[in-house]
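No experiment lies behind these values; they were computed from the predicted model shown. When reading the values below, keep in mind they use all heavy atoms of this one structure, side chains included, and skip hydrogens, waters and symmetry mates. Numbering of residues begins at 1 and proceeds along the displayed sequence.
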Amino acid sequence: MVAVVGTSQLGTDQVSMDLNSASTVVLQVLTQATSQDTAVLKPAEEQLKQWETQPGFYSVLLNIFTNHTLDINVRWLAVLYFKHGIDRYWRRVAPHALSEEEKTTLRAGLITNFNEPINQIATQIAVLIAKVARLDCPRQWPELIPTLIESVKVQDDLRQHRALLTFYHVTKTLASKRLAADRKLFYDLASGIYNFACSLWNHHTDTFLQQVSSGNEAVILSSLERTLLSLKVLRKLTVNGFVEPHKNMEVMGFLHGIFERLKQFLECSRSIGSDNVCRDRLEKTIILFTKVLLDFLDQHPFSFTPLIQRSLEFSVSYVFTEVGEGVTFERFIVQCMNLIKMIVKNYAYKPSKNFEDSSPETLEAHKIKMAFFTYPTLTEICRRLVSHYFLLTEEELTMWEEDPEGFTVEETGGDSWKYSLRPCTEVLFIDIFHEYNQTLTPVLLEMMQTLQGPTNVEDMNALLIKDAVYNAVGLAAYELFDSVDFDQWFKNQLLPELQVIHNRYKPLRRRVIWLIGQWISVKFKSDLRPMLYEAICNLLQDQDLVVRIETATTLKLNILLKM
């Protein structure tokens, strides 16, 4: 076992006089710190902790992790210690703060070469450069951005990728600063580099689209990685880099161009296999396009107004018509639905009861929404949501059978509507039905009317459609208050449904009892409750059923398990 080197061996004089000698000493301890033997590991960690405040220590770490001939684990550890040191000692007011002279040397060394061959270490280096940029750029580090811009132009694939990776992390970090002075600096930065960032993204995107038909997975993946990184940079600049982005032609040109790019990338999915790394990266890029739109809408609703019409046309066509068949995937559908929902529900687009009190921007956005959501469009969206997206899938039925409690939790989880298809479709239905209830109430009532009477237990599709319609009626309970005689419907339709004991009726029995639970606090006569209690008691004889009854000022029924 090699003895742990003492602190005295890394004195200030040694570091300044002989960096290589100091590197040898620190390298030895870092190697010991990667050991699985705690007897070696613990003393080494303690030694490194003592060195954290020694002048020259971070110059030694930089020398080690940029030496590609050394052990990967040692280099990785050196990067982590450097990164932690930035957090603790880089600020001028920090105890044991690094000297300005050493920081100048370190900043120069960090951007000398973008040629790290190991992906994980390259990411950590990019992150630590971004940490320094957060504190020093642009005042103490004016050369950082120009160096990155020049480096992403080089022809060497590795250097170009690493520089682009660093460019993204720096942009992301600077965009997250919230002080007014910092925001102003980022606005200035965005204005200065936006045109270049757009050109860079278009170049990598066009290159990918040209190469996608080649079948060379390595080339396609490399090109797609650059497309993804350059788009990440543009996302931060677009969303966070302008006070009034709608006044910038380059910004609006980029945003309007997203829809055509999305179509191109969705078509690419036809030629890329469903089970490889390229497909994963392609889908991530497609999702990133939608995130740009969602973030921009969230941060700049009035600047988004010129994009409302195109966003709705695009999303509705891919989610609710045959246009999306064969190219869409679940996460993309969820994102499109979220985009529709955010436009429908956006308070900036809702005029006051007295239209004269509303701003011209609000009225313009409202006018665009009303022109798009015509009766045929709303009807098609409603029918498609209920008859297609609300249908329980084979996977959901199996999950409900095997883990009913888990299935219930997944259905009702907190933010699941943002990411999971079923909760997302239900939230979109609720929001659209609330906004356009006068148009959609007759549509849903008509769907209810076609399902009167019992359903053939051998027709599973008919059972699933009835389940979907009942789900819609439950979700829209408050909106249907004046349109549905629920008491009569309970006695004539729902109660008989609960009395069907066939095994295939289990999903529908569950839905009916859930539906009653939705309506019971909305519209349900108290003299009907004995009939409901009796039905529940009969259901409780089924070993597969667990019902939770909550009594407060009203009665609530929730099915936790299968029945």
Evaluate the side-chain proximity of [Y] to [X]: yes if any heavy-atom separation is below 4.5 Å, no if none is.
X	Y	value
E102	S59	yes
I220	L282	no
R310	L307	no
F114	V152	no
L209	R261	yes
S223	Q210	no
R162	I125	no
I129	W141	yes

Query - Any donor-acceptor pair under 3.5 Å from K172 side chain to K236 backbone - result: no
Requested in this report: Would you check, one step at a time, whether the test salt bridge (charged side-chain N to carboxylate O under 4.0 Å, His left out) holds for E267 with K263?
Outcome: CA-CA 6 Å; E267 283 301 315; K263 289 180 181 178; over 6 Å; no
Requested in this report: Only one of K103, E52, H84 passes side chain to side chain donor-acceptor pair (under 3.5 Å) with Y89; say which it is.
Outcome: E52
Indicate whether any N or O donor in one side chain lies under 3.5 Å from an N or O acceptor in the other, for [X] and [Y].
X	Y	result
N73	T34	no
S176	R134	yes
T285	R281	no

Query raised in the report: Any Lys/Arg nitrogen of D87 or K83 sitting under 4.0 Å from an Asp/Glu carboxylate oxygen of the other?
Result: no
Query raised in the report: Does R331 come within less than 4.0 Å of E283, counting only side-chain N to carboxylate O?
Result: no
Requested in this report: Taking the six-membered ring for Trp and the full ring for Phe, Tyr or His, determine whether the centres of H300 and F296 are under 6.0 Å apart.
Outcome: yes
Query raised in the report: With a 6.0 Å cut-off on ring centres, are Y389 and F429 close enough?
Result: no
Hey, is [atom1] on [X] packed in by over 12 heavy atoms from elsewhere, all under 6.0 Å?
X	atom1	result
E394	CD	no
H96	NE2	no
R270	CZ	yes
K350	NZ	yes

**Report entry** Contacts of type side chain to side chain donor-acceptor pair (under 3.5 Å), residue S269, not counting sequence neighbours
**Finding:** none
To the nearest 0.5 Å, how far apart are [atom1] in [X] and [atom2] in [Y]?
X	Y	atom1	atom2	value
I64	L77	CD1	CG	9.5 Å
I149	L164	CD1	CG	11.5 Å
L224	I272	CG	CD1	6.5 Å

**Report entry** R178/D182 under salt bridge (charged side-chain N to carboxylate O under 4.0 Å, His left out): CA gap, chis, key distance, verdict
**Finding:** CA-CA 7 Å; R178 288 292 172 260; D182 294 327; over 6 Å; no
Report task. Please list, chain by chain and in numerical order, all residues satisfying side chain to side chain contact (heavy atoms under 4.5 Å, CB included) with S359, sequence neighbours excluded. Result -> F302, E361, T362
Query raised in the report: Tell me the ring pair (Phe, Tyr, Trp, His ring centres under 6.0 Å) pairs involving residues 199-237, sequence neighbours left out?
Result: W201-F254, F208-F265
Query raised in the report: Could you go step by step and tell me if N338 and T290 meet the side-chain contact (heavy atoms from CB on, under 4.5 Å) rule?
Result: CA-CA 10 Å; N338 285 336; T290 64; over 6 Å; no
